[in-house]
Amino acid sequence: MNVLVIGAGGREHTLCWKLKQSPLCGSLFAAPGNAGTASCATNLPIEVNNFEGIKNAVIENHIQLVVVGPEEPLVNGIHDFFLKDSQLASVGVIGPEKAAATLEGSKAFAKEFMMRHHIPTAAYAEFTSSNIAEGERYLEQSNPPFVLKADGLAAGKGVLIIDDLEEAKKELRSMLLDQKFGQASNKVVVEEFLSGIELSCFVLTDGKSYLTLPMAKDYKRIGEGDTGLNTGGMGAVSPVPFVTKAFKEKIEKEIVKPTIEGLKKDGIPYKGFVFIGLIKVGEDAKVIEYNVRLGDPETEVVIPRLKTDLMSLFLAVNDGRLGEVELEVEEQSAATVMAVSGGYPESYEKGKPISGLNEVEMVFQAGTRRDGDKVLTNGGRVLAATSFGANFKQAVEKSYKTLEKISYEGIYYRKDIGFDL
Ligand code: AMP
Ligand code: GLY
């Protein structure tokens, strides 16, 4: 069966790398892909929101299964687009329809969903420009730090955590009245601050059954010791040492199960990954956010740990028989360390030649592109070096050894992935 992976990051390279290992995978395509996906798939120069372009490529290349990496095309309704088109209706899509993608596309929708299904999360209220005074009063009655979230997609930048009340009020006004985050902040969720350690839980579902994938933890800040600006993610480990069997069962019972049951009760079909961003507060887990895709760079540690054929999982999701599948997971720990362009997440240069890629394994490329026989940097996050080890420390050390073999001008990576575990 021919397969198309939509996206261009480390997540998509990892998915292609894994799918390519399956005897069930025929010709593999990536759109638009990067230099990494080009090593195991055929890149198609089509942007992720160009649904007509994707349609033509699917028909032309006899693609039967489409795996959607990023959230944007899902929130824009790519799955619905396939279902509505008679030429595409028989093509399987891994990634939820628009209704379910709203779990990521609207924070208010996600909070209402959690309240309705008694899923533990931070207390909250939502405001628009019409009840801004109420919002200010809500802030006055809350304890700092204040958490302000733009309702819609804001490229990972829509969450503000502010200590000072007056500044929080000012930001609330700026979000609602000056469209600080564009349309995304026409509505704002103000939420209780939760103090604890975060982790990522990925669930694969066909809408009836589900499989919980191995837990992972990512490192979002640019600087060591979790300091400095937020990034897309600088590294990850899986499993997460503090997730004991009992804690995992608690997450399953209080969060994963009610999430899948909630979707069913609400009549929201879901075929794909649910990414549950969790925070461990004392001995409890609470949901920080839902995403309707895999995380990046968590994918670079979670997917390599799956021993079960990924194609067989996707086919089971598509056919609605995930309940029959057992998940087999590699016991060893995996770690990934992300190498970025100098200056990222602020301004950085692209087009730097990368050397050493031929000598290494499990290096998943993110912001790269091919230029003849060269691979050039093409984004902030450039590549992720993944390794296995008896524990996360050994795995992280191996990733550092791998990265010593790779070079490009301005290469930077954190030397302390897993420091807090
Ligand atoms: P989100 O986009 O909702 O994942 O928020 C981005 C980041 O802000 C999260 O990964 C957390 O680090 C932080 N965050 C979000 N909500 C809260 C909260 N209620 N309490 C503490 N930190 C939060
Ligand atoms: N690593 C977090 C995310 O993909 O959103």
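None of the values given here were measured: they were computed from a predicted structure. Ligands are counted one by one from 1 in listed order, and the atoms in each one are counted from 1 as well. Position 1 is the first residue of the sequence, and the numbers go up from there.
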Student: Taking side-chain contact (heavy atoms from CB on, under 4.5 Å) as the test, write out the residues that go with Ser407, two or more places apart.
Tutor: Ser355

Student: Report yes if Lys220 has an N/O atom closer than 3.5 Å to an N/O atom of ligand 2; otherwise report no.
Tutor: no

Student: Nearest to atom 21 (C) of ligand 1, what protein heavy atom do you find, and at what distance?
Tutor: Leu194 O, 3.1 Å

Student: Ligand 2 and Asp296, any nitrogen or oxygen pair closer than 3.5 angstrom?
Tutor: yes

Student: Run the numbers for me: atoms of ligand 2, each under 4.0 Å from some heavy atom of Gly232, listed by number.
Tutor: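 Those of ligand 2 that fall under 4.0 Å from Gly232 are 1 (N).
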
Student: Determine, counting only non-hydrogen atoms of the protein, whether one lies under 4.0 angstrom from atom 15 (C) of ligand 1.
Tutor: yes

Student: Could you list which atoms of ligand 2 come closer than 4.0 Å to a heavy atom of Phe275?
Tutor: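 Here the atoms of ligand 2 in question are 3 (C), 4 (O), 5 (O).
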
Student: Closer than 4.0 Å to some heavy atom of Glu298 - which atoms of ligand 2 meet that?
Tutor: 1 (N), 2 (C)

Student: I'd like to check Met338 versus Ile417 (side-chain heavy atoms, cut-off strictly below 4.5 Å). Are they in contact?
Tutor: no

Student: Are side-chain N/O atoms of Thr121 and Lys111 paired as donor and acceptor at under 3.5 Å?
Tutor: yes

Student: Rounded to the nearest 0.5 Å, what's the gap from CD1 on Ile279 to CD1 on Ile288? Could you check?
Tutor: 4.0 Å

Student: Counting each atom of ligand 2 from 1 as listed, which ones have a heavy atom of Asp218 under 4.0 Å away?
Tutor: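 Listed by number with element: 1 (N), 2 (C).
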
Student: Would you kindly specify which portion of Arg293 sits under 4.0 Å from ligand 2, judged on non-hydrogen atoms: side chain, backbone, both or neither?
Tutor: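 It is the side chain that touches ligand 2; the backbone stays farther off.
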
Student: Side chain, backbone, both or neither: which part of Lys107 has a heavy atom under 4.0 Å from ligand 1?
Tutor: side chain

Student: Any salt bridge (Lys or Arg N to Asp or Glu O under 4.0 Å) pairs touching residues 114-127, not counting sequence neighbours?
Tutor: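 Qualifying pairs, neighbours excluded: Arg116-Asp266, Glu126-Lys187.
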
Student: Run the numbers for me: atoms of ligand 1, each under 4.0 Å from some heavy atom of Lys149, listed by number.
Tutor: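 Within the 4.0 Å cut-off of Lys149, ligand 1 contributes 3 (O), 15 (C), 16 (N).
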
Student: Examine ligand 2 and decide if any of its atoms is less than 4.0 Å from a heavy atom belonging to Gly233.
Tutor: no

Student: Of all the heavy-atom pairs spanning Val48 and Pro73, show the shortest one and how long it is.
Tutor: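 So the minimum-distance heavy-atom pair works out to O-CB, 3.4 Å.
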
Student: Is there a donor in the side chain of Asp151 and an acceptor in the side chain of Ser106, or the other way round, less than 3.5 Å apart?
Tutor: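 Result is yes, a qualifying pair exists.
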
Student: Quick one: nearest non-hydrogen protein atom to atom 13 (C) of ligand 1, plus distance?
Tutor: Ile161 CD1, 3.8 Å

Student: Hey, could you give me the OG1/CZ distance between Thr259 and Phe113, rounded to the nearest 0.5 Å?
Tutor: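 The OG1 atom of Thr259 sits 5.5 Å away from the CZ atom of Phe113.
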
Student: Out of curiosity, Thr377 OG1 to Glu409 CD, how far, rounded to the nearest 0.5 Å?
Tutor: 8.5 Å

